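Here is the structure we will look at.
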Amino acid sequence: MIEPSRELRDVCAIVGAGNSRLGRVPGVSSLDLLVEAMRNAVADAGLKVSDIDGIVCRGPDESYCHHQRVGERLGINARFSTTLDNGGASQIMSVALASMAIKVGLASTVICGYGRDAWSRTHSSEEARVRNETRPESLRAQEFGPEYGYFGAVAAHAFGATRHMHLYGTTREHFGEVAVAFREHALRNPDAQMKKPLSIATYHEAPPIVAPFGLFDCSLRSDAAGAVIVTSRERARDLRQPPVSIKGFGSYNNLTGWFSGDNMVVTAAKESGEAAYRMAGIGPAEVSCAQLYDCFTYIVVAQLEDYGFCKKGEGGPFAASGALRIDGRLPTNTSGGQLSEAHAEGMLQVVEGVRQMRHTYPAERQAKDAEIALISGHGGNQVCHSTLILGRA
Amino acid sequence: MMSKEKPVPHPAPESMPYWKAAGQHRLELPRCNACGEFWFPPSQSCPHCLAADFAFTPVSGRGKVFSFVTFHRVYHPAFEGEVPYVVALVELAEGPRLLTNIVGVPVEKVACEMPVRVVFDDVTDGVAVPKFTPG
């Protein structure tokens with residue numbers, strides 16, 4: 001087996017992190033949300049935008065050569081610039097690619113980010129919502145889905161939830177604890193989209209969307225963006241923020257499909273995590289906080305298992321034990337996650353992982369003694385996965 | 001405005017034989033002449049051995065529910081009168097898994113591993129959609 005290069009462990013650092021306004025930001029495009037987050041990241045790092053010589057980002061699906069639009073808006077040329085296409089796994093892949101580019105000298109300071117006007121684009125009209133949720137009619141072939149009334153990512157993930165419940169006895173009570181814990185975290189985050197407490201009773205009373213998922217199993221639709229800046233550890237020493245070291249990353253893609261084999265129950269987080277652990281030279285026991293891609297409650301439960309925080313099938317009871325709370329065994333999605341902070345397809349998970357490693361939060365938001373953060377990205381029709389491991393430099 | 005008509009299949013070229021057979025109430029999947037495996041969705045080469053020598057071949061139409069979900073929310077206006085309805089992944093006896101509806105049974109009775117058999121829902125002239133029912 002090819003080992004992921006340990007030469008990349010602790011070579012690069014994240015020196016700036018920022019987010020846009022989150023939640024409902026009418027009249028601001030995906031691109032401008034992203035640029036807002038990037039500006040904040042540059043300011044956070046104490047850099048000038050002209051210091052940036054690399055851009056790696058993912059565009060909204062309809063944007064051609066999105067990195068070029070980003071450079072235009074930032075007013076910079078770049079030595080290394082590209083757009084990725086791994087869905088919600090792209091954001092960590094951006095940081096990984098940035099690290100590789102820096103290591104081999106193709107760039108020195110790379111900005112990575114993602115933004116989307118998902119709330120605005122789906123709330124302008126009912127027609128816009130339906131169009132968004134049932135996919136463009138212009139798609140060349142439409143078969144094996146729409147004719148059965150099968151639409152959307154909720155249903156796709158719900159298939160995994162049903163199967164997991166069948167195999168392991170996982171319950172909606174377990175999923176509910178994921179939603180409730182993350183909401184608790186969001187209430188401590190003034191930027192979060194969700195402001196109201198969520199009780200397990202309210203979770204159960206909510207209307208079903210695509211069973212077994214109800215309303216609170218589903219992540220938010222947000223206007224939201226996040227961005228981070230990657231540079232060499234050496235350069236990071238002279239900058240404003242406590243540098244956060246990139247210790248490891250990995251990815252895996254179950255390209256045979258979500259419906260194939262056991263992919264909907266044992267996710268690509270397993271292999272992606274193993275690769276990242278090997279690069280970082282640690283295991284799950286060393287992880288002190290996690291920022292997991294939480295498009296739906298179930299996918300958090302599956303990842304807890306696939307990353308080795310508990311045994312396969314025990315993710316539900318692990319979550320229900322309170323482990324994910326800010327004062328729990330594995331503080332997880334400490335800013336509220338996509339279920340309660342805002343949904344920027346994994347980018348805000350990276351931003352929060354960086355902030356946890358800086359130890360600059362007030363006590364109520366800081367994962368205690370957090371030395372290592374594990375961050376995940378998941379997407380591309382549920383099968384592309386990426387993992388980032390950060391540590392205090 | 002979005003059509004109130006249910007979406008009908010707009011097949012990719014490689015799935016035309018599948019839909020033609022379905023229109024005549026036969027369930028036929030591509031089967032590899034080299035390794036003997038069935039696969040789905042249809043494509044021009046076998047995903048098991050990459051051979052391009054295959055034939056659409058009738059299957060038993062029997063299988064079991066691998067997993068399923070129940071739509072309560074209306075995503076498309078044509079399904080307004082249908083909720084709640086079950087979308088399932090059925091694993092055929094021959095191996096491949098098909099996305100489908102489970103019909104002829106109350107939604108709350110559908111379960112993983114439930115044995116099912118194919119039925120055909122005629123949607124327009126010559127077009128029928130394979131669905132599954134317990135049995």
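Sequence lines set the chain letters: A, B, ... in the order given, protein chains first and strands last, and positions in each chain run from 1. Nothing here was measured: the structure is a model prediction, and the numbers come from that model.
- In this structure, the separation between OG on B:Ser67 and CE on A:Met165 is 10.0 Å, given to the nearest 0.5 Å.
- Considering NE2 of B:His72 and CG of A:Leu215, their distance stands at 13.0 Å, rounded to 0.5 Å.
- Not a single donor-acceptor pair under 3.5 Å links the side chain of A:Tyr150 to the backbone N or O of B:Leu99.
- In this structure, OG in B:Ser15 is found 3.0 Å from CD in A:Glu143, a value given to the nearest 0.5 Å.
- A:Tyr148 contributes a side-chain N or O that, together with a main-chain N or O of B:Pro130, makes up a donor-acceptor pair within less than 3.5 Å.
- When B:Asp121, B:Val8, B:Thr100 are compared by the number of non-hydrogen pairs under 4.5 Å with chain A, B:Thr100 comes out ahead.
- Only the side chain of B:Tyr85 comes within contact range of chain A, with heavy atoms under 4.5 Å apart.
- Contact annotation for B:Phe79: only side-chain heavy atoms (C-beta onward) come within less than 4.5 Å of a heavy atom of chain A.
- When each of B:Pro84, B:Ala88, B:Pro47, B:Pro41 is scored by its heavy-atom pairs under 4.5 Å with chain A, the top score falls to B:Ala88.
- Under a 3.5 Å cut-off, the side chain of B:Thr70 and the backbone N or O of A:Ala211 do not form any donor-acceptor pair.
- Going from atom CG of B:Leu89 over to atom CZ of A:Arg163 covers 9.0 Å, rounded to the nearest 0.5 Å.
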* For the pair A:Phe151 and B:Val87, evaluate side-chain contact (heavy atoms from CB on, under 4.5 Å) and give the outcome as yes or no after the intermediate values. => CA-CA 10 Å; A:Phe151 304 105; B:Val87 178; over 6 Å; no
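- Listed options A:Gly145, A:Gly149, A:Ala161, A:Ala158 were ranked by heavy-atom pairs under 4.5 angstrom with chain B; first place goes to A:Gly149.
- Using a 4.5 Å heavy-atom threshold, the side chains of A:Gln142 and B:Pro7 count as separate.
- Without hydrogens or angle criteria, A:Thr162 side chain to B:Val69 main chain gives no donor-acceptor distance under 3.5 Å.
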